[in-house]
Amino acid sequence: MSTAAALRAKSVSLNGVSIHFGEGAHAVQALDAVDLQIPAGQFVSILGPSGCGKSTILNAIGGFGNLSAGQVYVGDERVHGAGPDRGIVFQQHTLLPWKTVITNVEFGLKMRGVPARERRQSAREILEQVGLGEFLHHYPHQLSGGMQQRVNLVRVLVNRPGVILMDEPFCSLDAQTRLQMQSMLLELWAALGMTVIFVTHDVDEALFLSDRVVVLSRRPARVIDEFSVELPRPRTREALTDPQFMRLKRRSLEQLLEGPRQLSAHRQAAASESRGV
Ligand code: ADP
Ligand code: MG
């Protein structure tokens, strides 16, 4: 990727962030005093069971929704709403079905007033880099799921966000496509250097991609573990059988399984109570 494409990565910090939804008896607490400090340019995965509050954390960083307590900072600025310094990639692509691949990728640049020639060139360059040079004028429905998600990702990256927030982006892809997407993401990250916050419930995916992994409890999400993954880069699939990988995988799985064990103990206690024991 050309050096003109350089971006400025930003740090992210969450200080005692709690979030609840609804009021009174219907209130749901999603986050419980979450503290997270992510240096600029780091690749961090957030790992946690389904429904624990992972998307809620990404939304808080993205500037959507209200905090019940605490603060979120991106770089030196406190987050009060969405901004172009943060790009978001969801599990389901958000491409416009009536626009071609290249016009989808150009769209954000157009909104920001980038002149036509320049935006076309940036879009073409990044699409070629991810192997979609032959599909510039196709429509989203003419592409495979993996290709759609590739367009979706570069559509966000073409805006050069300092931080990219990814919410289980490869979840709905088949296993092989998913591995290809992971490698492609690592290549883009190495070339661009943005901060990546990647949400997943897949331990292998988190360990393979990240510099650091943050493990959340069941809802309300608290940070229950955090560790660095010091496997060499660029990573290959050999990393998956490295002793460090295996050790961290066991550690993550134990943390993730702790939730259900607590839950069943709690259920047993409730059951004994209702039987009057
Ligand atoms: P995850 O992404 O880890 O699966 P979420 O962050 O989406 O979990 O949700 C955490 C909890 O907060 C869930 O119990 C969910 O039902 C609840 N929740 C999320 N968003 C809302 C909302 N807008 N209103 C009410 N409850 C919500
Ligand atoms: Mg989610």
Side-chain angles (χ1 to χ4, degrees), residues 12-36 38 43-72 74 79-82 86-94 145 148-149 152-153 156 163-173 178 181-182 185 195-210 212-227 251-264 266-267 270:
V12 173
S13 71
L14 278 74
N15 305 328
V17 172
S18 296
I19 294 185
H20 63 256
F21 299 107
E23 296 294 331
H26 299 291
V28 172
Q29 185 169 14
L31 306 185
D32 180 14
V34 172
D35 285 310
L36 261 184
I38 301 173
F43 196 127
V44 176
S45 284
I46 298 179
L47 192 57
S50 171
C52 77
K54 301 182 297 297
S55 297
T56 305
I57 290 185
L58 281 196
N59 286 335
I61 302 168
F64 303 105
N66 297 318
L67 311 186
S68 311
Q71 307 99 35
V72 179
V74 171
V79 169
H80 290 293
R86 284 150 286 152
I88 308 191
V89 178
F90 298 100
Q91 182 181 333
Q92 298 303 334
H93 76 76
T94 49
Q148 288 172 347
Q149 193 55 300
N152 197 35
L153 176 60
V156 172
V163 179
I164 183 165
L165 308 168
M166 305 188 73
D167 197 352
E168 311 207 31
F170 307 146
C171 238
S172 57
L173 303 174
R178 187 169 180 158
M181 294 295 293
Q182 291 169 0
L185 173 61
T195 309
V196 183
I197 307 181
F198 189 99
V199 159
T200 180
H201 58 255
D202 184 310
V203 174
D204 284 348
E205 183 167 70
L207 293 173
F208 177 69
L209 293 172
S210 313
R212 190 153 65 102
V213 175
V214 174
V215 186
L216 300 179
S217 66
R218 300 199 151 251
R219 187 174 66 78
R222 284 175 299 109
V223 175
I224 52 171
D225 197 10
E226 234 186 297
F227 53 81
R251 174 172 169 171
S252 308
L253 288 170
E254 277 168 11
Q255 298 287 355
L256 289 173
L257 292 172
E258 198 180 294
R261 271 210 303 276
Q262 279 172 354
L263 185 67
S264 66
H266 175 73
R267 277 201 184 128

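Counting starts at 1 for both ligands and their atoms, following the listed order. Quick note: numbers below take in every heavy atom, side chains included, and nothing from hydrogens, waters or symmetry partners.
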CG-CZ distance between Leu209 and Phe170, expressed to the nearest 0.5 angstrom: 7.0 Å
Would you say the side-chain atoms of Thr200 pair up with the backbone N or O of Asp202, donor to acceptor, closer than 3.5 Å? yes
Using modelled atom types only, decide if a donor and an acceptor are shared between the side chain of Lys54 and the backbone of Pro49 within a distance under 3.5 Å. yes
Looking only at atom types and distance, does a side-chain atom of Ser217 sit under 3.5 Å from a main-chain N or O of Arg222, one as donor and one as acceptor? yes
When you measure from the side chain of Asp32 to the backbone N and O of Ala221, does any donor-acceptor pair fall under 3.5 Å? no
Separation of Phe64 CZ from Arg86 CZ (nearest 0.5 Å): 8.0 Å
Run through the protein N/O/S atoms less than 2.8 Å from the Mg ion (ligand 2) and write them out by chain and number. Ser55 OG
At a 4.0 angstrom heavy-atom cut-off, what protein residues surround ligand 1? Phe21, Ala30, Pro49, Ser50, Gly51, Cys52, Gly53, Lys54, Ser55, Thr56, Arg219
Within this structure, what is the CG-CD1 distance for the pair Leu36 and Ile57, rounded to the nearest 0.5 Å? 6.0 Å
Could you tell me whether the side chain of Ser55 and the main chain of Leu58 form a donor-acceptor pair under 3.5 Å? no
Indicate whether any N or O donor in one side chain lies under 3.5 Å from an N or O acceptor in the other, for His201 and Ser50. no
